[in-house]
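Everything below concerns the one structure shown next.
Because the structure is predicted, anything quoted here is derived from the model rather than measured. Remember, it's 1-based here, ligands and their atoms both numbered in the order they're listed.
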Amino acid sequence: MQATQTTEKPLTQVKSQKDLHKEVDASGAWSVAQIETLFALPFSELMFKVQEAHRANFPDGDVELATFLSIKTGGCPEDCGYCHQAARYDADVKANKLMDLDEVLEAAKAAKAAGSNRFCMGAAWREPKDRDIEKVTAMIKGVKALGLETCATLGMLETNQAQALQEADLDFYSHNLDTSEDFYRSVISTRGYQDRLDTISNVRAAGMSVCCGGIVGMGESREQRAAFLARLANLSPYPESVPINHLVPVAGTPLEDQKPLDPLEFVRTIAVARITMPRARVRLSAGRQELGRAVQAMCFQADANSIFYCEQLLTTGNPEAEQDQELLAELGLKTKQSCKAEVLV
Ligand code: SF4
C-alpha cells in the first residue's frame, strides 16, 4: 500500500520551531479589534477563512486524541469559580491522594489501546512540591516508554521544576490562561494572570511545548473572548495546543447557574482560534457531551483538530470512546494515530 504523506512536522521539531508562527510574526500582533472583526464575519465567510487556514497547515485533516487522567483529584486550595475540585466549594467530588505509578501506567496502556496518542496527567494542586515532581517524573518516563506523547498539568511551576519535568522528557505542559485578563478576576482570586504567564514562560524556557487555552461561556462578553484569544495568539510563540472548554456549570460552584453560551458562538470561537493560531492543535475539551453531535461536527468544520478522549475530565463527563469513534468515522475524519499508521505501512 502506498504511504500517505504527512506534512505535519514531528514533535521533536515542533518544540523549537519559530517558523511555525511566522503568520503572526509577519503581520504583527493581533489586536482585540481585529479578532472581534473575525467573530463578526458572516458565518460562511468565517468558515471559508478557516478552511483556507486548515488546508495550508493541516492537509492531512487528522484529529488528535488526547486522554486525560486526573492523577490527584480534589482538595485544591484555589478558588477557580468553574471547578468542582476547589476544596472551598460544596461540590460532589471526593478528594484523593496522588495515584500510584502502576495505576497511572495501566490507564496509559488502556488509552493507547483505545487509540490515543497523547496522555495528559492532571493534579489538583496550586503548585507541586518538589517531592511531587519526583513522583510525577517517574510517571512521565513510564508513559513515554509506552510510546505515548506526554502532557502534565500540575499548577504553577518554578523554573527548577519545569527543568526537572523537561529532563524527564515531558513533551507538553498544560497551563491555561482561562479567559481575558480583565474578566479573570470575576472567576479566580487566588492566583493572578501574571502568575499564569510566568508559569508558561518557565515552561518555554525549559524547552517544553505549551498547551494553553481556557474556558468560554463563563459570562464573559464577546470582546473579552476576543481579548482572551488575542492574548493566546500573541504569545511568542503561540501554544502548540489550545484547549477550548465550553463551560459546564457544576452544582456547588459559583458558576453553577451560568446560562449556556450560544453554541454558534462557541463554533465561532473555535474558528477564530484556528485562524489566529493556524498551526496549533485546537482541542475540544470539557463540554463536548453537552454540545451534542451536530455542534461538535460544526466545531470540526471550524477546524478543531484535537479532542479529549476516553477519560473523565476535570469538571464534567466526556462522550464514550465508541461514540467519538462513530462520530469521527461518520464525518470521515482520521485520527492522528491512524494517519501515523498509514505512513508506516
Ligand atoms: S482549576 Fe485547577 S487550580 Fe483551579 S480549583 Fe480546579 S484544580 Fe484547583
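Looking only at distances, no side-chain donor or acceptor of Asn245 sits under 3.5 Å from a matching main-chain atom of Ser285. Under a 3.5 Å cut-off, the side chain of Arg55 and the backbone N or O of Pro59 do not form any donor-acceptor pair.
When only modelled atom types and interatomic distance are considered, Glu256 and Tyr89 share no side-chain donor-acceptor pair under 3.5 Å.
Atoms of ligand 1 found under 4.0 Å from any heavy atom of Cys83, numbered from 1 in the order shown, are 1 (S), 5 (S), 6 (Fe), 7 (S). The Cys76 neighbourhood of ligand 1 comprises atoms 3 (S), 5 (S), 7 (S), 8 (Fe), with distances under 4.0 Å to a heavy atom of that residue. Taking a cut-off of under 4.0 Å to the non-hydrogen atoms of Arg191, the atoms of ligand 1 that pass are 3 (S). Near Tyr82, meaning under 4.0 Å from any of its heavy atoms, are these atoms of ligand 1: 1 (S). Of all the atoms in ligand 1, the ones that sit under 4.0 Å from a non-hydrogen atom of Ala124 are 7 (S).
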Salt bridge (Lys or Arg N to Asp or Glu O under 4.0 Å) assessment of Glu36 paired with Arg222: CA-CA 8 Å; Glu36 281 188 284; Arg222 176 180 274 183; over 6 Å; no
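Using a cut-off of 2.8 Å, one finds that His84 contributes no N/O/S atom close to atom 6 (Fe) of ligand 1.
Salt-bridge check for Arg293 with Glu330: passed, with a basic side-chain N closer than 4.0 Å to an acidic carboxylate O.
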